[in-house]
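Throughout, a chain's letter reflects where its sequence line sits, starting with A, and its residues are numbered from 1. Since we're looking at a predicted model, the values are computed, not measured.
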Amino acid sequence: MSKLKFLPLFILMMSMLSFTTDGNRPLPKVDVKTMDGRVVSTSTFENDGKPIIISFWATWCKPCIHELTTIADVYEDWQDETGVKLIAISVDNSRTSGGVRPLVNGKDWDYEVYLDENKDFQRAMGVNLVPHTFILNGKGEIVWEHTAFTEGSELEMIAILRKLANGEDVSGH
Amino acid sequence: MVKKILFACAISFFSFSTINAQSQVLGGGEVHGSFQADAQYYKQDSAIGANEIAEEMAVNAFLEMRYTNKGFEAGMRYELFMPQMQGYDSRWKGNGFGYRYIRYSNDRIDVTAGNFYEQFGSGMILRSYQEWNLGFDNSMDGVRVKYKMKALTIKGLVAKQRLFWDLGPGIVRGIDGELSVNDLFKSFSDSKTRLFFGGSFVSRYQIDQNPLYNLPENVASCAGRFQIYHGGFNLKMEMAKKINDPNATNNFIYKEGNAVMAELGYSQKGLGLSLQLNRSDNMDFRSSRTATGFDSHVGYIPAMTRQHAYSLAAMYPYASQANGQMGLQATIVYKLKKRSTLGGRYGTSIDVNYSVSNSIYKQAINDTTKIGQTGTLGYSSDFFKLGDEKYYYDFNIKIQRKLSKKWNVSLMYMNVYYNMLINEGHNSPDVYADIIIGDVWWKFKPYNSLHFELQALFTEQDDGNWSSAMVEYNRKGFFGAVILLYNHGNDLAGHTVVDSQLYPFLTLGYTHKATRISAGYGKQREGIVCVGGVCRAVPASNGFSLTINSSF
């Protein structure tokens with residue numbers, strides 16, 4: 001019987017689907033930590049009206065490292081062209097989070113990196129698998145997301161960033 | 001029962017009929033969530049431990065949804081195991097809402113009622129978390145309050161813990177505070193040095209009905225921590241203590257527990273160094289004193305070893321021993337500069353890692369009591385003295401280099417020692433293994449790439465040598481891969497004879513935005529599989545499998 005207890009709430013939530021705003025979705029407000037221990041709310045993520053990439057990754061996730069390394073090679077060009085900023089959210093738990101700082105600096109990644117040790121931000125963003133990447137427009141709204149990384153995924157990202165930089169519509173992607 | 005269903009229907013009808021009215025109030029709210037379903041059709045194959053099941057097909061699935069509106073949030077997750085896939089605890093079998101909560105938060109206060117996940121400090125005395133693909137969930141079910149001030153954050157909670165479809169018997173109460181010293185004093189706020197202090201207290205209550213022993217019903221534990229950051233340096237330390245807590249994992253001894261974790265790091269552009277130390281003594285902390293295995297953990301003492309993503313490198317992983325281990329881990333990551341003789345055009349990344357774990361030193365408390373004897377203080381232990389049994393070590397080095405716009409190569413070597421009795425609980429010869437891995441990406445056209453991966457594991461123990469080859473093709477969102485994993489078997493004297501065995505596996509899939517569908521056919525060993533652009537823990541299987549994954 002206990003399984004039925006939450007049915008009304010569930011149906012209520014389903015019904016709410018019908019009137020969620022049609023526009024782009026804002027970023028949920030969750031606390032994450034910087035690599036030097038400060039607690040920062042995701043509501044403070046901003047990039048002067050330019051687009052932002054948010055990439056969920058972990059030190060043990062090969063495709064994630066592949067993605068961030070691939071982008072690192074072209075990051076300067078992307079920044080010059082579109083003003084984009086990449087925010088990398090590590091979902092490493094306390095077992096492996098000690099490896100985040102050495103890896104980020106050791107690989108010479110020029111990203112803004114945060115720790116999400118107990119996956120609070122990951123859950124709030126509905127991320128199941130890493131890597132999972134979001135693109136935010138200049139207003140901080142999520143306009144695109146993608147799970148998994150394979151060679152060439154970065155080409156789709158830059159195409160979207162270019163459109164955002166030119167003020168074009170990206171809903172077709 | 002009928003009444004309850006009617007009640008449920010009435011409420012849901014009510015909720016539908018009031019949508020229009022509510023949309024005024026709730027307008028602007030958001031619903032998001034995620035979904036995953038794994039289905040596996042089994043072919044009988046006792047040789048790899050994937051047995052036929054009566055249902056022939058097993059399905060694990062969940063749908064999680066979250067409604068947020070300004071400070072209000074509500075969420076729930078429906079879970080289904082019909083039946084649970086092989087390799088998952090049989091107590092998962094069933095279906096229902098395993099997770100639901102309501103929450104209110106603003107800049108100061110954050111209140112959650114229902115299920116939640118929480119971690120105090122590094123989690124040594126309290127961590128609740130979920131790993132769906134590993135079949136792990138020890139979520140709290142209760143109330144949590146967080147209060148945030150400029151420099152200080154305080155969290156308090158009281159809850160029971162989820163144990164499959166029930167709640168565990170113990171009540172968990174906890175409070176945690178973290179202070180940012182830089183935010184406390186104005187003169188310190190722009191300092192290059194950042195300093196944090198934290199402390200937590202957790203207590204578990206469980207009734208004592210033991211006829212033989214007088215067991216503590218309230219078990220208290222506390223932890224203190226600090227972190228200092230200055231320029232490229234960082235130092236982190238946490239110490240925890242627990243009062244006597246006789247339980248099934250420590251053979252019901254009355255010794256107190258303690259644990260320490262420390263981390264020292266230095267990094268600058270192109271170089272990262274870290275050294276971690278840990279010691280834990282009788283520190284297995286659960287909300288039920290009879291719980292064993294993965295049940296009802298309150299505290300989390302991590303294995304301080306690297307978590308590998310190649311299947312053969314991950315074949316012998318260390319199992320953390322909260323009741324006694326002492327170890328260290330050192331990591332160096334270095335990037336050879338771009339356009340240098342050694343670094344090549346795009347630079348070369350080198351990653352060296354070493355970890356080791358030992359037993360702690362134990363001494364009998366007197367001449368008549370054996371070490372670890374039930375109902376006694378168990379043993380005494382000199383904090384700085386190492387035990388004489390090695391549990392695990394892992395040395396690994398990885399080199400990654402982008403050769404050109406089209407070619408990318410990674411090479412890895414690993415040497416591992418694995419204590420069988422400690423890590424798997426049975427008395428077989430300990431494993432010494434060498435592993436070599438080559439990983440090549442060839443991007444022959446934009447959006448088109450081939451990925452080759454060769455792995456070999458050499459050992460004279462356990463199942464003997466292994467080798468594996470993989471070819472993966474990616475084109476935009478599509479991927480296809482063939483994995484051939486081969487166990488060469490072991491017929492050396494002194495070992496159980498293991499026959500050679502081939503595990504062929506074919507997988508195809510498609511990813512579009514945040515949705516991923518993949519199908520597989522063949523034999524698969526349990527472990528980690530990184531294919532089609534994601535890494536996942538998978539159970540052993542033989543047959544046809546289908547996975548759907550989506551976020552919205």
Q) Between atom NZ of Lys405(B) and atom CG of Asp73(A), what is the distance when rounded to the nearest 0.5 Å? A) 10.0 Å

Q. What part of Glu154(A) lies closer than 4.5 angstrom to a heavy atom of chain B: side chain, backbone, both or neither?
A. side chain

Q | Value rounded to 0.5 Å, distance of OG in Ser267(B) from CE in Met35(A) | A | 7.0 Å

Q: Against chain B, work out which of Cys61(A), Gly152(A), Gly37(A) has the most heavy-atom pairs shorter than 4.5 Å and name it.
A: Gly37(A)

Q: Could you grab the distance from atom CG of Leu271(B) to atom NZ of Lys107(A), nearest 0.5 Å is fine?
A: 13.5 Å

Q | Pairwise distance CG(Leu103(A)) to OG(Ser349(B)) - rounded to 0.5 angstrom | A | 7.5 Å

**Q.** Ser105(B) portion near chain A, given a 4.5 angstrom heavy-atom threshold
**A.** neither

Q) Are any of the side-chain nitrogens in Lys148(B) or Asp31(A) under 4.0 Å away from the carboxylate oxygens of its partner? A) yes

Q.
Quick one: does any side-chain atom of Arg536(B) pair with a main-chain N or O of Leu129(A) as donor and acceptor, under 3.5 Å?
A. no

Q: Could you tell me whether the side chain of Pro26(A) reaches within less than 4.5 Å of the side chain of Glu30(B), counting heavy atoms only?
A: yes

Q) Does the pair Glu131(B) and Lys119(A) meet the rule for a salt bridge (charged side-chain N to carboxylate O under 4.0 Å, His left out), with working shown? A) CA-CA 10 Å; Glu131(B) 292 286 351; Lys119(A) 301 188 183 179; 3.2 Å; yes

**Q.** Considering all heavy atoms, the nearest Ala514(B)-Glu145(A) contact
**A.** CB-OE1, 3.4 Å

Q: Just do the side-chain contact (heavy atoms from CB on, under 4.5 Å) check on His451(B) and Glu151(A) with the steps written out, would you?
A: CA-CA 10 Å; His451(B) 176 201; Glu151(A) 293 279 359; over 6 Å; no

Q.
Tell me if a side-chain donor or acceptor on Ser551(B) pairs with a main-chain N or O of Gly126(A) at a distance below 3.5 Å.
A. yes

Q. Does any donor atom in the side chain of Thr305(B) or Arg95(A) lie under 3.5 Å from an acceptor atom in the other side chain?
A. yes

Q. Based on non-hydrogen pairs under 4.5 Å, which of Thr150(A), Asp110(A), Asn118(A), Val104(A) is most in contact with chain B?
A. Asn118(A)

Q) Atom OG in Ser34(B), atom CZ in Arg123(A): separation rounded to 0.5 Å? A) 11.0 Å

Q | Side chain to side chain, Thr147(A) and Thr511(B), heavy atoms closer than 4.5 Å | A | yes

Q | SB check Glu73(B) Lys29(A) (cutoff 4.0 Å) | A | no

Q. Taking the side chain as C-beta and beyond, is there a heavy-atom pair between Val39(A) and Phe196(B) under 4.5 Å?
A. no

Q) Distance from Tyr129(B) atom OH to Asn93(A) atom CG, nearest 0.5 Å? A) 7.0 Å

Q) Which bit of Asp120(A) is near chain B, if near means a heavy-atom gap under 4.5 Å: side chain, backbone, both or neither? A) side chain

Q. Of the listed residues (Gln227(B), Glu64(B), Gln268(B)), which shares the most heavy-atom pairs with chain A below a 4.5 Å separation?
A. Gln268(B)

Q. Is Lys192(B) paired with Asp36(A) through a side-chain N to carboxylate O contact shorter than 4.0 Å?
A. no

(Q) Please classify the contact of Lys62(A) with chain B as side chain, backbone, both or neither, using a heavy-atom distance under 4.5 Å. (A) both

Q.
Is there a side-chain contact between Ile65(A) and Gln400(B) in this structure, where contact means two heavy atoms from C-beta onward sitting under 4.5 Å apart?
A. no

**Q.** Test applied, salt bridge (charged side-chain N to carboxylate O under 4.0 Å, His left out); reference residue, Asp108(A); option that passes from Lys338(B), Lys337(B), Lys269(B)
**A.** Lys269(B)

**Q.** Which atom of Ser94(A) lies closest to which atom of Tyr300(B), heavy atoms considered
**A.** OG-CE2, 3.3 Å

Q: Go through Thr96(A) and Arg306(B) one step at a time and tell me if the side chain to side chain donor-acceptor pair (under 3.5 Å) criterion holds.
A: CA-CA 7 Å; Thr96(A) 52; Arg306(B) 179 155 282 188; over 6 Å; no

Q) Under a 4.5 Å heavy-atom cut-off, does chain B meet the side chain of Ser41(A), its backbone, both or neither? A) neither

